[in-house]
Protein chains: 4
Amino acid sequence: MTVPERLIDAATSLFAEKGFDRVAVQEIVERAGVTKGAMYHYFGSKDDLLREIYGRVLRMQQERLEKFAADTDPVAERLHAAAADVIITSVENYDAAKVFFRSVDSLPAEIRKDVRAERRKYHERFRALIEEGQAGGEFRADVPADLATHYFFGTVHHLGTWYRLDGPLKPEQLARHYADLLLASLRHQH
Amino acid sequence: MTVPERLIDAATSLFAEKGFDRVAVQEIVERAGVTKGAMYHYFGSKDDLLREIYGRVLRMQQERLEKFAADTDPVAERLHAAAADVIITSVENYDAAKVFFRSVDSLPAEIRKDVRAERRKYHERFRALIEEGQAGGEFRADVPADLATHYFFGTVHHLGTWYRLDGPLKPEQLARHYADLLLASLRHQH
Amino acid sequence: MTVPERLIDAATSLFAEKGFDRVAVQEIVERAGVTKGAMYHYFGSKDDLLREIYGRVLRMQQERLEKFAADTDPVAERLHAAAADVIITSVENYDAAKVFFRSVDSLPAEIRKDVRAERRKYHERFRALIEEGQAGGEFRADVPADLATHYFFGTVHHLGTWYRLDGPLKPEQLARHYADLLLASLRHQH
Amino acid sequence: MTVPERLIDAATSLFAEKGFDRVAVQEIVERAGVTKGAMYHYFGSKDDLLREIYGRVLRMQQERLEKFAADTDPVAERLHAAAADVIITSVENYDAAKVFFRSVDSLPAEIRKDVRAERRKYHERFRALIEEGQAGGEFRADVPADLATHYFFGTVHHLGTWYRLDGPLKPEQLARHYADLLLASLRHQH
DNA sequence: TATGAATGAGTTTTCATTCAT
DNA sequence: TATGAATGAAAACTCATTCAT
């Protein structure tokens, strides 16, 4: 693995573990097995490492959502697949996801603005799926799609505080359950 | 308002805004309109302020949940009321709730342990309601109650990142929608 | 002496000796006999110390020049007295004067702008004296007053690189010689 | 232009602009359009660049002064010519002259010693001219020649802080005025 | 009760220089 | 000749906390 990759990995795991502000650059370079100078050769600052982590998560999530949303299956199936995929990838990149949700306020103001804008776009793409289902009559329309989207991503956000990769629940089970709950809450009740 | 109260209020709003680690004691005392010496007269440390905020939130949530859970209404109604109440109180104490969810890792290790233990008790009380509904046949049993509880509290946790008190959605509407979504996801589908 | 005064004195002598950029804050506080924290209690930054030194020199020189210029003696006498006084005060505040002339480029850009504006005002007040003598016919008019002013202040500027307080030449002698040379260069030649 | 020449030029302009200590090697090589490795191939250190700049200025000034001093014209004319020439060459090599006067304290101690010795020799050669005029009766003898020499070089030193090559005053005019002022201050007054 | 000067450990960052290629 | 990744020492600055008053 290259030095920058080792640094990103070390930073990701440490930021996930203790929070950006409680991690010293010294710890990051020690975990990566390099010196501080090397870090500043590749990254302009500690903030830069965080920015890079955000960039990677955003790019990955956007690509994957797009793939699922653009499919031709019925909307309920596409939403279920996309929701399950968010869970799976969040769990597979557990540390990065944790950092993503908890360290927004540690980003420099201008980057934070950009990140929020990208997240909003992502949120809107997801919401559009729900609206599509509501327009087509599959989903109940008495819940604002925007609110349902927040509702679901809240659960994703929260994963980092309780889910254990080494626990009894496999990522696929977790993902299916969560996607089921989302769909259940959107379907018409009898 | 007394000096300690002013300090707690100032600390709560600042911690909510920027995160515990990005707030200097100097800022807190300035916002509270007192001096550092005064703060250290009433609180042993900056950590102490955080601990106090956690204590208040925990005590309040536990009391309220107990009140709703101990009622004699049908379980679905009790769960709906309890869920809606969590939302309402979180929104009414927006800053404290934000701090509560985001600053666990800034607590000193031993306090963090206590806080987690209390939260677990709270979580279990809520889960017990769901299990009661599953045992009685009102709720679907194919979703682990523990997971559904996490699912719901994730949405509460997440509120702090998007809900705006001054937005168009009133707390009561928000609470009803969220409680509806929870109940909808637990009911049997047709 | 108070702590801020001790710090200013230590900084002045060290900046004069080695130049602002070659002096570590650690050296300053050691010479002042305090800790770094104490320095940052009184001064916002290392730059701040430099700014303060500039402010003091500027205030003193402006006041003194004004006093001499506003007199009612013949202009040649007033110019001679003012010129000699610049030398005397520069020599009496040797370190501060050295810093003043050599560290402009180490000032933060905005402060540098202010300092230059103040110096210009000072320069213009001095130049006005020369122009007064030219207008009255005492001084030769074939040398631009502005240029003569620069000419003289160059010699003051330069003092720091060669004059030794502990040398054979007393400040008063130095001052008289320099003021004589200035006046000589301005008088009509036979 | 060769690589070493480009490096010297880049270093000279940057040192003149910001001062030796505020210029990073990285900036120098960027302005010169080469890499750090290349610089360290030709120069042993950043100090080495500064030493080279001092060497060039010293050699040039010494040669030129010698040429003017060794002439057979009357001493007043030789001094006037030498003085004007110092101004002209300082202005023609504005950046190098600026560096020469302002960065002595950034030279490594031993080099600084050498540079000061060479400057002293130069100063003495100039002073000898004044003493020659005093011995011959052309110049007033009541001003120490040493002091008059410092007086004049102070003005040269100072040029870098106010003279603008693109201003209204041409180098030749400046040089003539300054040489005139020097001679005027040395002549007997009526 | 309250002040605020002072501490000192810890933080991020810079940068001249080296060296394997 | 030249590259540029990597080093490591030193720098400025922050901040929770203490303590004499």
Side-chain angles (χ1 to χ4, degrees), chain A residues 2-4 6-7 20-29 32-50, chain B residues 2-4 7 20-30 32-50 106 108, chain C residues 2-4 6-7 20-29 32-50, chain D residues 2-4 7 20-30 32-50 106 108:
Chain A
T2 67
V3 168
R6 287 218 304 279
L7 283 162
F20 181 81
D21 297 302
R22 296 181 98 81
V23 175
V25 169
Q26 188 55 40
E27 295 177 76
I28 300 172
V29 299
V34 300
T35 60
K36 266 194 268 197
M39 192 213 105
Y40 282 96
H41 182 70
Y42 291 106
F43 298 92
S45 63
K46 189 186 164 191
D47 285 348
D48 224 33
L49 282 167
L50 186 58
Chain B
T2 68
V3 167
L7 283 163
F20 180 81
D21 297 301
R22 296 180 97 81
V23 174
V25 168
Q26 188 57 40
E27 294 177 76
I28 301 172
V29 300
E30 270 165 23
V34 301
T35 62
K36 268 200 237 186
M39 192 213 104
Y40 280 96
H41 180 74
Y42 292 107
F43 296 93
S45 64
K46 189 186 168 193
D47 286 346
D48 229 34
L49 283 166
L50 187 57
S106 300
Chain C
T2 67
V3 168
R6 286 218 306 278
L7 283 163
F20 180 82
D21 296 303
R22 296 181 97 81
V23 175
V25 168
Q26 189 56 41
E27 295 177 75
I28 301 172
V29 299
V34 299
T35 60
K36 263 195 270 198
M39 194 214 103
Y40 282 97
H41 182 70
Y42 292 105
F43 298 92
S45 63
K46 190 186 164 193
D47 285 347
D48 224 33
L49 282 167
L50 186 58
Chain D
T2 68
V3 167
L7 282 163
F20 180 82
D21 297 301
R22 296 180 98 78
V23 175
V25 168
Q26 188 57 40
E27 294 177 77
I28 302 172
V29 300
E30 270 164 23
V34 302
T35 61
K36 268 200 239 186
M39 192 212 104
Y40 280 96
H41 181 74
Y42 291 108
F43 297 92
S45 64
K46 188 187 168 191
D47 286 347
D48 229 32
L49 283 166
L50 186 59
S106 300

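Here is the naming used below: chain letters follow the sequence lines, and residue numbers restart at 1 for every chain.
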Handout entry: 5'-most by nearest nucleotide on DNA chain E - D/Gly44 or A/Phe20
Key = A/Phe20
Exercise for the section: Strictly below 4.0 Å, heavy-atom distances to any atom of DNA chain F: list the hits from residues 35-42 of chain A, or just say none. Expected result: A/Thr35, A/Gly37, A/Ala38, A/His41, A/Tyr42
Completion exercise
Stems in DNA chain F, runs of 3 or more consecutive Watson-Crick or G-U wobble pairs with both distances under 3.5 Å, sorted by first number, are E:2-21 with F:2-21
Practice task
Mind checking B/Val3 for me? I need base, sugar-phosphate or nothing, with any heavy atom below 4.0 Å counting as a touch.
Solution key: nothing
Exercise for the section: Check the distance between F/dA12's P and C/Leu49's CG and give it to me in whole angstrom. Expected result: 11 Å
Problem - With sequence neighbours excluded, residues passing salt bridge (Lys or Arg N to Asp or Glu O under 4.0 Å) with D/Glu30 - result: none
Completion exercise
Between CD1 of B/Ile28 and P of F/dA16 the distance, given in whole Å, is 8 Å
Problem - Pairing residues for A/Ala38 by the side-chain contact (heavy atoms from CB on, under 4.5 Å) criterion, not counting sequence neighbours - result: A/Val34, A/Thr35
Completion exercise
5'-most to 3'-most nt of DNA chain E touching chain B (<4.0 Å, heavy-atom partner on protein side) reads E/dT1 to E/dG4
Practice task
Kindly give the heavy-atom pair with the smallest separation between D/Gln26 and D/Val29, and that separation in Å.
Solution key: O-CG2, 3.2 Å
Handout entry: Close side-chain approach of C/Leu49 and C/Met39, heavy atoms under 4.5 Å
Key = yes
Problem - B/Val25 vs C/Ser45, nearer the 5' end of DNA chain F by closest nucleotide - result: C/Ser45
Problem - Any side-chain heavy-atom pair of C/Tyr40 and C/Val25 under 4.5 Å - result: yes
Exercise for the section: Sequence neighbours left out, what passes side-chain hydrogen bond (donor to acceptor under 3.5 Å, both in side chains) with D/Asp48? Give chain and number order. Expected result: D/Arg51
Problem - Interatomic distance where CG belongs to C/Asp47 and P belongs to F/dC13 [whole Å] - result: 6 Å
Handout entry: Closest non-hydrogen atom pair between D/Asp47 and D/Ser106, with its separation
Key = OD1-O, 4.2 Å
Problem - Between P of F/dA12 and CG of C/Asp21, the distance in whole Å - result: 10 Å
Completion exercise
In short, C/Tyr42 meets C/Pro4 closest at the heavy-atom pair CD2-CG, 3.6 Å
Exercise for the section: Using a heavy-atom cut-off of under 4.0 Å over every strand shown, decide if B/Val29 touches base, sugar-phosphate, or nothing. Expected result: nothing
